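All of these numbers come straight from a predicted model, not from anything done at the bench. Numbering of residues begins at 1 and proceeds along the displayed sequence.
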Amino acid sequence: MEISFIIIELLVTVFIFLLTGIEERFASNRWRLAYAAPLFILIIMTIISGFSVYYTGAYIAALVCIVSLFACKKGVKRILAGAGIICAAISFALVLFIPERRKSAYLDDFEKAFSTMEEHYVLDQEKGIDFDELYKIYHPLFKEIDETQDHVENYKLWQRYTGEFYDGHVGYQMKRDDLFLDALMKSYGNDYGLSLIKLSSGEYAAVNVEGYDNSYNVTNDEKDDMGIYRIKDDFLSENAESERLTLKNAGIKNGTIITKWNGKPIDEYFGELSYYFEQYPVRENEEFYQPVYVAGIGMGMNYGETFVPADERRKVSGTDEKRDNDKDNYASPSAEITFINDDGIEETVTAPSLSAYFPRMYDTIYRLDAGTNISNLEWQEIDGDTVMIRISEMAYDQETYSGADYTEMTDELRKQVLDYKSKGIKNIVIDLRYNGGGSPYFVEGVACLFAPEGEHSVYYSAVINEDTASFERDEDGMYKKGDLFTYQGENLWADGNIILLVNNHCVSAGDDMTYVMGDFPNVKIMGTTRSNSSCQAVKGVELSSGSVSFSAVPNLLPSGEVAIDTFTDHVGRTPFDEKIPMTQELISGIFDKGDDYILKYAVDSFTDY
C-alpha cells in the first residue's frame, strides 16, 4: 500500500515541477493546494502504514514542495520541485527494491482470508465454527501484529487461528522462505538435548537424546533438509559445544523415564500448548504429539518463547572484556529435567540450551512418522510371505494427475499383484505413512484391485448453487447429494491379507484410501496413530505475506453426512483396527538402531492375522 502512496506523491511532485510554468500564465490561489498535496498524502500514508526511515525521501519531498510554494522565482521553484522528485524517487526505490523493509499487510491478510473462509469453508457446522466469535478474538490480535510487524508472532498467530478448525486442510504458509524458517526456529522454544514421548504404559520417556547415535546434532549439516544450518548458529550459546554431553553424562538416554519438566508433571503443560507445527484433527492424535512440544519449554519461560543468544550478544558492543562482564545479558536458558536413573532412583539435572528446539522437534516427529524411504509405488520384498508397496502420494504421473483415467497405473499394478500371488506371497503391507494426499481417482485405481467383486460406492458430490457459488444444505442442515462416484472391484487378493500402515501424516487422499479399503474383509488398518481424518477438496487464498488453504468442496457419504472429517468431538472417523504400542523397544529401534520398527511390527502381526 505504501508503494501506491509514494507513486502518487512522485507524480504530484512531477506535476509541481511542470506547474511552475503554468501558474504564471493562469494565476490562481488554488495552485497552492497542489504544493500542499504531498504533505497531505504523506500524513495519510503515515496514519495507515506508520513511520519508516525508508520513507525519509518522501518526507523531504513533501517539505521541499511546501518550501517551493513560498519561493518567488520560477527557477528556484523548479530546482526545489526537481529535488522533491529525486527524494520521492529514492523512497520509491528503497521500498520497491528492499521488500523486507516494506510494511507487511498482516491485518489485511487476515481480513481477506477470514472473509473468504467465512463464505466458503464447508465444514463450519460440522466443526462447530463460530466465525463471529473467531473474529472478535483474532482481529485485535492481528491488528496488534500489523502494528509491530513481527513476522514470528504473525506465524504463531496463524498457527493458533488455523488450529481452531481441527482440519488438516486448513493451514498457513509464509511466502518468504527465509522469514518462514526464522519463524519456525523462534516459535518452539530452545533445545535442551531431547524430545519427549508418552509410552503406552502412561509414562513419559526421553527420545532423540543428544550424544547418542541417530539423534539430531546441532553441528551436523547433513540432516538439515530445511536448510536450518544456515541460521542455527544464532541460537548456540557460547558454551554449547562443551555442554552438549550434559545429558549423556547424567545418564539420560533414549527411553529414560522423565517424571518432571522444570519441576512440573509433563501433562500439566498440555494446556499451555496454544499452537502446533501441524494439524491434529483427531484428539487422540493430538495427545500423542503433545509431549514432543513440551520439551522446548525452558525454566521460567512460556511455551514457544525462544531465547536467541546471538540477538543478545549483538546488543553488547565494545571489547571482549566488556562482553565477558556483560555475559549475563545473553546467558542461555536451561531446563530442569527429573528422571529415573539406572538404579531406579529419581534425580534432577539442569540441561543448558544447545540451540533452537525446532530442528530436534521436527526430526523427532519425522522419525516417528516417516514411511519407508523408497520411491512412490515401489515394491519391496520383506520375506517369503510378505511384500510391501510404498504409497507416499496419490499420484502416478503429472499427465494422469490432472485427469481421472488411471488405467495405465491400474494395469501395471494388476500385473505386479498377480505376479506376487503366483510366487506364493500371502501378505501385502501398503505403507501410507507420511502420505500427503493427491487424486481420489488414484485411490480408486488401487482399491479396485483388492475390493470384493462388484460395484462399490465411494462418495456423492454436493449440489452447488451457481448463483451463490456455495453448496446447498437441506432443512436439516445436511448437504444435498449430487452425483455418485463408483468403481468395480476385482478381488485379486481374496486369499491373502493386507495391512494399511497409517499415521497422522496420512491425510486427504491418504484418508480416502484408509476409508475406502478399511471395510474390505481381509484388510487391517494399524499405526502408532490414526490417519489424519481430513478429506474434503481444498481451496487456496493468496495473501500478501503468504497463503491460506481450507476445505472448500464437500464429499458426502450415502447417508448425506460429510465424509471422514472429524466433528466437534474430534474423534477419528476413518477405520482403525490396531494401535501400535509405544514401547521401549520401539524407541530403541527408531532412535538407537535407526530401524523401521513400526514396519517390522506390522509384518510380524500377520502371524496373528
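Taking a cutoff of 4.0 Å between a charged side-chain nitrogen and a carboxylate oxygen, E126 and R473 qualify as a salt bridge. Ion pair K600/D596 not flagged as a salt bridge, since none of the NZ, NE, NH1 or NH2 atoms sits closer than 4.0 Å to an Asp/Glu carboxylate oxygen. Between D411 and R414 there is a salt bridge, since at least one side-chain N of the basic residue sits less than 4.0 Å from a carboxylate O of the acidic one.
The ring pair (Phe, Tyr, Trp, His ring centres under 6.0 Å) search around Y172 returns W158, not counting sequence neighbours. Judged as a side chain to side chain contact (heavy atoms under 4.5 Å, CB included), and not counting sequence neighbours, S115 has no contacts. Residues satisfying the ring pair (Phe, Tyr, Trp, His ring centres under 6.0 Å) criterion with Y293, sequence neighbours excluded, are Y276. In this view, T162 satisfies the side chain to side chain donor-acceptor pair (under 3.5 Å) rule with no residue, not counting sequence neighbours. By the side chain to side chain donor-acceptor pair (under 3.5 Å) test, S402 pairs with no residue at all, sequence neighbours left out. Evaluation of the ring pair (Phe, Tyr, Trp, His ring centres under 6.0 Å) rule for Y401 yields no partner, not counting sequence neighbours. Every residue two or more places apart in sequence or in another chain that forms a ring pair (Phe, Tyr, Trp, His ring centres under 6.0 Å) with H456 is listed here: Y487. With sequence neighbours excluded, the residues satisfying side chain to side chain donor-acceptor pair (under 3.5 Å) with N465 are E472. Judged as a side chain to side chain donor-acceptor pair (under 3.5 Å), and not counting sequence neighbours, K481 has no contacts.
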Original post:
When you look at D108 and K112, which way does the salt bridge (Lys or Arg N to Asp or Glu O under 4.0 Å) test go after all the steps?
Top reply: CA-CA 6 Å; D108 289 346; K112 180 179 180 181; over 6 Å; no
Subject >> Test salt bridge (Lys or Arg N to Asp or Glu O under 4.0 Å) applied to D419 and K423, step by step >> reply: CA-CA 6 Å; D419 182 54; K423 293 179 180 179; 3.5 Å; yes
Subject >> Test log, rule ring-ring contact (aromatic ring centres under 6.0 Å, His included), inputs Y280 and F288 >> reply: CA-CA 10 Å; Y280 305 115; F288 177 87; 9.1 Å; no
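The only option from Y161, F114, F142 that meets the ring pair (Phe, Tyr, Trp, His ring centres under 6.0 Å) definition with Y135 turns out to be F114. Checked options I564, T566, D167, V170; the residue passing with P281 is T566 (criterion: side chain to side chain contact (heavy atoms under 4.5 Å, CB included)).
A donor-acceptor pair is defined here as one N or O able to donate and one able to accept, closer than 3.5 Å; such a pair exists between the side chain of D565 and the backbone of C535. When atom types are taken as modelled, the side chain of N254 and the backbone of V209 share a donor-acceptor pair closer than 3.5 angstrom. Side-chain atoms of N522 come within 3.5 Å of backbone N or O of W493 as a donor-acceptor pair. Side-chain N or O atoms of R367 include none that pairs as donor or acceptor with a backbone N or O of F591 at under 3.5 Å. Put simply, the side chain of R390 gets close to the backbone of R433: a donor and an acceptor are under 3.5 Å apart. The closest donor-acceptor contact from the side chain of S195 to the backbone of V292 lies at 3.5 Å or more, if one exists at all.
In this structure, OH in Y601 is found 11.0 Å from CD in E585, a value given to the nearest 0.5 Å. Rounding to the nearest 0.5 angstrom, the gap separating the CG atom in N555 from the OH atom in Y460 is 13.5 Å.
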Report all side-chain donor-acceptor pairs from residues 502-517 shorter than 3.5 Å, counting only partners two or more places apart or in another chain.
residue: N503; atom: OD1; partner: H505; partner atom: N; Å: 3.0
residue: N503; atom: ND2; partner: D369; partner atom: O; Å: 2.9
residue: N504; atom: OD1; partner: N285; partner atom: ND2; Å: 3.2
residue: N504; atom: OD1; partner: N532; partner atom: ND2; Å: 3.4
residue: N504; atom: ND2; partner: Q279; partner atom: O; Å: 3.4
residue: H505; atom: ND1; partner: D369; partner atom: OD2; Å: 2.9
residue: H505; atom: NE2; partner: E278; partner atom: OE1; Å: 2.9
residue: S508; atom: OG; partner: H169; partner atom: NE2; Å: 2.9
residue: D511; atom: OD1; partner: S531; partner atom: OG; Å: 2.7
residue: D511; atom: OD1; partner: N532; partner atom: N; Å: 3.2
residue: D511; atom: OD1; partner: S533; partner atom: N; Å: 2.8
residue: D511; atom: OD2; partner: S508; partner atom: N; Å: 3.2
residue: D511; atom: OD2; partner: S533; partner atom: N; Å: 3.0
residue: D511; atom: OD2; partner: S534; partner atom: N; Å: 2.8
residue: D512; atom: OD1; partner: Y459; partner atom: OH; Å: 2.6
residue: T514; atom: OG1; partner: G510; partner atom: O; Å: 2.8

Side-chain donor-acceptor contacts of residues 437-451 below 3.5 Å, not counting sequence neighbours, with atom names and distances?
residue: S439; atom: OG; partner: Y406; partner atom: OH; Å: 3.4
residue: S439; atom: OG; partner: Y441; partner atom: N; Å: 3.1

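For residues 520-570, the pairs satisfying ring pair (Phe, Tyr, Trp, His ring centres under 6.0 Å) are Y166-H570, with sequence neighbours left out.
Shown here for D109 and S545, the closest heavy-atom pair between the two residues is OD2-OG, 2.5 Å.
Considering only heavy atoms from C-beta on, I389 stays 4.5 Å or farther from D431 through its side chain.
Under a cut-off of 6.0 angstrom, the local environment of NZ in K175 is crowded, with over 12 non-hydrogen atoms contributed by other residues, nucleotides or ligands. Sparse packing is recorded around CG of N373, with 12 or fewer heavy atoms of other residues, nucleotides or ligands lying under 6.0 Å away. Heavy-atom contacts from other residues, nucleotides or ligands closer than 6.0 Å to NZ of K421 number more than 12.
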